Novice: 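Below is the structure I would like to discuss, written out as structure tokens.
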Amino acid sequence: MSEKVITRFAPSPTGYLHIGGARTALFNWLYARAKGGKVLLRIEDTDQARSTKGAILAILDGLRWLDLEWDGEPLYQMTRAERHREVAEQLLAEGKAYSCYASPEELAAMRERARAEGRAPGYDGTWRDRDHREAPPGIAPTIRFKAPREGETVIKDRVQGRVVFANKDLDDLVILRSDGTPTYNLSVVVDDHDMDITHVIRGDDHLTNAARQTQIFKALGWQTPIYAHVPLIHGPDGAKLSKRHGALGVEAYRAMGYLPAALRNYLVRLGWSHGDAEIMSTDEMIQWFDLDAIGRSAARFDFAKLENLNGHYLRVTPDIEIVQRLKALVPELPDGVALGERIDADGWQKLERAMPGLKERAKTLVELLDSASFLFAKRPLTMDEQAAKLLDAAGREMLAALLPRLEDVSPWTLEALEASVRSFADETGRKLGKAAQPLRAALTGRSASPGIFEVLEVLGRDESLARIRDQAHAGNSA
RNA sequence: GCCCCCUUCGUCUAAUGGUUAGGACGUCAGGUUUUCAACCUGAAAACAGGAGUUCAAUUCUCCUAGGGGGUACCA
């Protein structure tokens with residue numbers, strides 16, 4: 001085995017890349033990068049009935065979006081089925097495995113009986129020592145691993161510590177299905193060995209599997225990798241993650257307008273910490289990450305904190321990058337296609353110019369886009385409830401009075417506009433807010449927006465004046 | 001049922017055999033302000049319960065409770 005650290009992320013392609021999987025991938029990636037090693041990607045598709053092409057694509061896509069590039073080509077475990085079968089045959093030949101002719105019905109009955117009698121529902125070992133000549137005809141057997149019945153199996157885990165399983169509690173598991181395909185526990189052992197995996201970092205739902213795999217490693221005379229079983233992520237209510245709260249594919253987070261950097265930063269702090277560090281760059285994560293600082297208790301998923309982090313990353317991301325991300329995001333949104341058509345080249349330019357004021361205020365890209373909608377709105381604007389309130393008689397009167405002042409502003413720059421409006425407010429004995437709020441309503445249709453002078457400037461002279469006239473005049477005719 | 005794991009503010013977590021148990025998010029109250037955010041200041045907020053070890057336990061041990069995972073010809 002090489003000295004170099006080799007980790008692997010090994011998702012099964014039976015669904016999207018969920019948030020727990022994403023964190024596992026991140027931990028594997030970080031550890032490999034921290035130690036100057038490699039992360040391999042292995043698609044565990046030995047269950048052909050449940051694996052789908054779409055899931056594989058979603059997983060690869062999710063990892064790329066999170067910017068967790070793996071080393072080398074992804075390995076599809078099924079392509080190694082022949083090798084797995086060889087190892088199973090070897091075990092069989094060495095008397096460390098045996099053929100089992102029990103039918104699914106018999107197994108179900110066996111479990112039923114065990115439950116009724118209050119025993120562990122595992123396989124009872126019927127065919128372990130039974131003569132093969134008693135095998136029922138026409139039945140393709142499974143191959144079962146002959147697990148040790150006495151003693152204990154100990155796993156030394158970098159997160160969980162020393163965990164001891166009594167061998168009597170671990171039954172003889174199927175390593176080769178009756179159709180000759182390998183099952184998970186065999187494939188994992190063979191591939192982890194053949195791929196020189198040094199560290200297995202995965203969810204602690206695999207803790208029992210670690211014991212079974214250790215037994216197989218031993219039977220094969222191979223050295224086990226170093227294990228690190230990370231606690232799972234729960235939903236906000238402490239229960240298992242469900243679709244309603246967080247057990248979404250990473251693409252769902254992308255569609256909700258989260259930034260990969262924010263999601264990574266959020267996930268790395270779920271179960272791992274480095275003193276009081278909260279916001280950290282990827283380089284810092286790599287520098288600081290280690291297995292020993294991973295906690296042993298499950299964490300709950302908290303959208304509020306993710307949002308806070310996302311807001312932070314939005315504020316520090318360059319404007320042009322945000323525009324690019326929005327361009328990529330828009331088609332994924334509900335009504336996104338229509339929205340995309342409404343935003344022309346000029347619209348995207350306006351968006352970029354308005355970005356400093358917009359990104360300051362948004363928690364997600366979706367929210368940002370929504371607050372930018374005034375940029376693309378067609379006159380006459382529809383007013384939301386708050387905006388309508390601001391445009392009462394006094395508000396409209398103010399606009400009518402302010403209008404000629406603005407018409408005289410030249411050049412149409414933020415500084416000149418601010419000077420003009422401020423002097424207007426001064427001279428007419430108004431607080432700035434009394435002028436700014438109706439103006440904001442007229443220009444954006446809302447009561448909250450980026451700074452009003454930025455809005456005027458980005459909208460441009462003609463559009464701004466037209467929007468103000470719409471409201472000033474509407475007041476007269478009403 | 002059986003096996004395994006876990007338990008510090010609402011949430012993520014830090015630290016320690018002797019501390020005012022720290023930080024962050026969220027909440028609340030102020031400040032700033034053209035709105036909303038952001039930002040600044042402050043506040044409330046935790047060692048699951050019970051035994052034991054010890055001069056001393058949040059920290060070590062055990063038990064209980066609660067939560068989670070596993071118990072497939074799934075991974």
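As the structure is a computational prediction, the values presented were derived from the model and not from experiment. Per chain, numbering begins at 1; letters A, B, ... match sequence-line order.
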Novice: If we call it a pair only when both distances are under 3.5 Å in a Watson-Crick or G-U wobble match, what pairs with B/A75?
Specialist: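 By the stated definition (distances under 3.5 Å), nothing pairs with B/A75.
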Novice: Need one value for A/Tyr184: base, sugar-phosphate or nothing, where a base atom within 4.0 Å counts as base even if backbone is also close, heavy atoms only.
Specialist: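 Base contact.
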Novice: Just by modelled atom types, is the A/Ala262 backbone N or O under 3.5 Å from a matching donor or acceptor in the A/Asn310 side chain?
Specialist: no
Novice: Mind checking if A/Pro450 touches a base, just sugar-phosphate, or nothing, with heavy atoms under 4.0 Å?
Specialist: base
Novice: Under 4.0 Å, heavy atoms only, any strand: does A/Leu270 hit a base, just the sugar-phosphate, or nothing?
Specialist: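 Touches sugar-phosphate only.
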Novice: How long is the line joining CG of A/Leu358 and C1' of B/U35, in whole Å?
Specialist: 14 Å
Novice: State the pairing partner of B/C2; accept Watson-Crick or G-U wobble contacts with both distances under 3.5 Å, and report none otherwise.
Specialist: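 Here B/C2 is engaged in a pair, and the nucleotide opposite it is B/G70.
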Novice: At less than 3.5 Å, do the side-chain atoms of A/Asp276 and the base atoms of B/G22 form a donor-acceptor pair?
Specialist: yes
Novice: Is a donor-acceptor contact shorter than 3.5 angstrom present between the side chain of A/Arg269 and the base of B/U11?
Specialist: no
Novice: Determine whether the aromatic ring centres of A/Phe289 and A/Trp272 lie less than 6.0 Å apart.
Specialist: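 Centroid separation for A/Phe289 and A/Trp272: below 6.0 Å.
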Novice: Checking all strands, does A/Arg300 fall into the base, sugar-phosphate, or nothing category for heavy-atom contacts under 4.0 angstrom?
Specialist: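 Sugar-phosphate, backbone atoms only, no base.
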Novice: When the ring centroid of A/His206 is compared with that of A/Tyr184, is the distance short of 6.0 Å?
Specialist: yes
Novice: Side chain of A/Arg212 only, please: which of B/C12, B/C36, B/U71 is the nearest?
Specialist: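 For A/Arg212, the side-chain atoms sit closest to B/U71.
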Novice: Under 3.5 Å, is there any donor-acceptor pair linking the side chain of A/Thr208 to the base of B/C4?
Specialist: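 No, no donor-acceptor pair under 3.5 Å.
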Novice: So what does A/Arg446 hit on the nucleic acid, given a heavy-atom distance under 4.0 Å: a base, only sugar-phosphate, or nothing?
Specialist: nothing
Novice: With both distances kept under 3.5 Å, what pairs with B/C36, Watson-Crick or G-U wobble?
Specialist: none
Novice: To the nearest Å, how far apart are A/Leu306 CG and B/C12 C1'?
Specialist: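 It is 12 Å, rounded to the nearest whole Å.
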Novice: Would the distance check show the side chain of A/Trp412 and the main-chain N or O of A/Leu456 forming a donor-acceptor pair, the cut-off being under 3.5 Å?
Specialist: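 It does hold such a pair.
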Novice: Name the pairing partner of B/U7, where a pair is Watson-Crick or G-U wobble with both distances under 3.5 Å, or state none.
Specialist: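 Looking at the geometry, B/U7 pairs with B/A65.
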Novice: Students often get this wrong, so: under 4.0 angstrom with heavy atoms, is A/Asn185 touching a base, only sugar-phosphate, or nothing?
Specialist: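 Counting heavy atoms under 4.0 Å across all strands, no contact is made by A/Asn185.
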Novice: Is the closest basic N to carboxylate O distance between A/Arg446 and A/Asp370 below 4.0 Å?
Specialist: yes
Novice: Under 3.5 Å, is there an N or O donor on one side and an acceptor on the other linking the side chain of A/Asn209 and the base of B/A75?
Specialist: yes
Novice: When the distance from CG of A/Asn308 to C1' of B/C25 is rounded to whole Å, what number comes out?
Specialist: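 Atom-to-atom, A/Asn308 to B/C25, this comes out as 6 Å.
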Novice: If you take all heavy atoms of A/Asn308 and A/Lys363, which pair is closest and at what distance?
Specialist: N-CD, 4.5 Å
Novice: Using both distances under 3.5 Å as the test, list the Watson-Crick or G-U wobble partner of B/U53, or none.
Specialist: none
Novice: Of all the nucleotides listed (B/U34, B/U11, B/A24), which has the minimum atom distance to the side chain of A/Asp302?
Specialist: B/U11
Novice: Reckon A/Thr142 touches a base, only the sugar-phosphate, or nothing at all at heavy-atom distances under 4.0 Å?
Specialist: base
Novice: Given atom CG of A/Asp426 and atom P of B/U34, what is their separation to the nearest angstrom?
Specialist: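 Going from CG in A/Asp426 over to P in B/U34 covers 12 Å.
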Novice: Mind checking if A/Val188 touches a base, just sugar-phosphate, or nothing, with heavy atoms under 4.0 Å?
Specialist: nothing
Novice: What's the NE2-P distance between A/His18 and B/A75, to the nearest Å?
Specialist: 15 Å
Novice: Rounded to whole Å, how long is the line connecting atom CD of A/Glu360 with atom C1' of B/U32?
Specialist: 14 Å
Novice: Base, sugar-phosphate or nothing for A/Phe453? Non-hydrogen atoms, less than 4.0 Å.
Specialist: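 Contact class for A/Phe453: base.
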Novice: Both distances under 3.5 Å, Watson-Crick or G-U wobble: report the partner of B/A43, or none.
Specialist: B/U27
Novice: Reckon A/Gly311 touches a base, only the sugar-phosphate, or nothing at all at heavy-atom distances under 4.0 Å?
Specialist: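 Result for A/Gly311 = nothing.
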Novice: Is the charged tip of A/Arg212 near the ring of A/Phe145: under 6.0 Å from the six-membered ring centre and within 45° of its axis?
Specialist: no
Novice: Contact class for A/Lys363 (heavy atom, under 4.0 Å): base, sugar-phosphate, or nothing?
Specialist: sugar-phosphate
Novice: Over how many whole Å does the gap from A/His274 atom NE2 to B/A24 atom C1' extend?
Specialist: 15 Å
Novice: Please give, in whole Å, the distance from B/G67 P to A/Ile233 CD1?
Specialist: 21 Å
Novice: What is the ring orientation for A/Phe301 with A/Phe303, classed by angle as parallel under 30°, tilted 30 to 60°, or perpendicular over 60°?
Specialist: perpendicular
Novice: For A/Ala140 and A/Ala304, find the nucleotide of RNA chain B closest to each by heavy atoms; which residue's nucleotide sits nearer the 5' end?
Specialist: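 Its nearest nucleotide lies further toward 5', so the answer is A/Ala304.
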Novice: Return whichever of A/Ala10 or A/Leu432 has its heavy-atom-nearest nucleotide of RNA chain B closer to the 5' end.
Specialist: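 Result of the comparison: A/Leu432.
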Novice: Just to be sure I understand the rule, does A/Ser447 reach a base, reach only the sugar-phosphate, or reach nothing, if contact means heavy atoms closer than 4.0 Å?
Specialist: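 A/Ser447: base contact, heavy atoms under 4.0 Å.
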Novice: Hey, does A/Ser187 reach any base, or is it just sugar-phosphate, or nothing, if we go heavy atoms under 4.0 Å?
Specialist: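 The residue A/Ser187 makes no contact with any strand.
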Novice: Is A/His206 touching bases, backbone alone, or none of the nucleic acid, heavy atoms closer than 4.0 Å?
Specialist: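 The residue A/His206 makes base contact.
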Novice: Report yes if a donor N or O on one partner sits less than 3.5 Å from an acceptor N or O on the other, where the partners are the side chain of A/Arg296 and the base of B/C5; otherwise report no.
Specialist: no
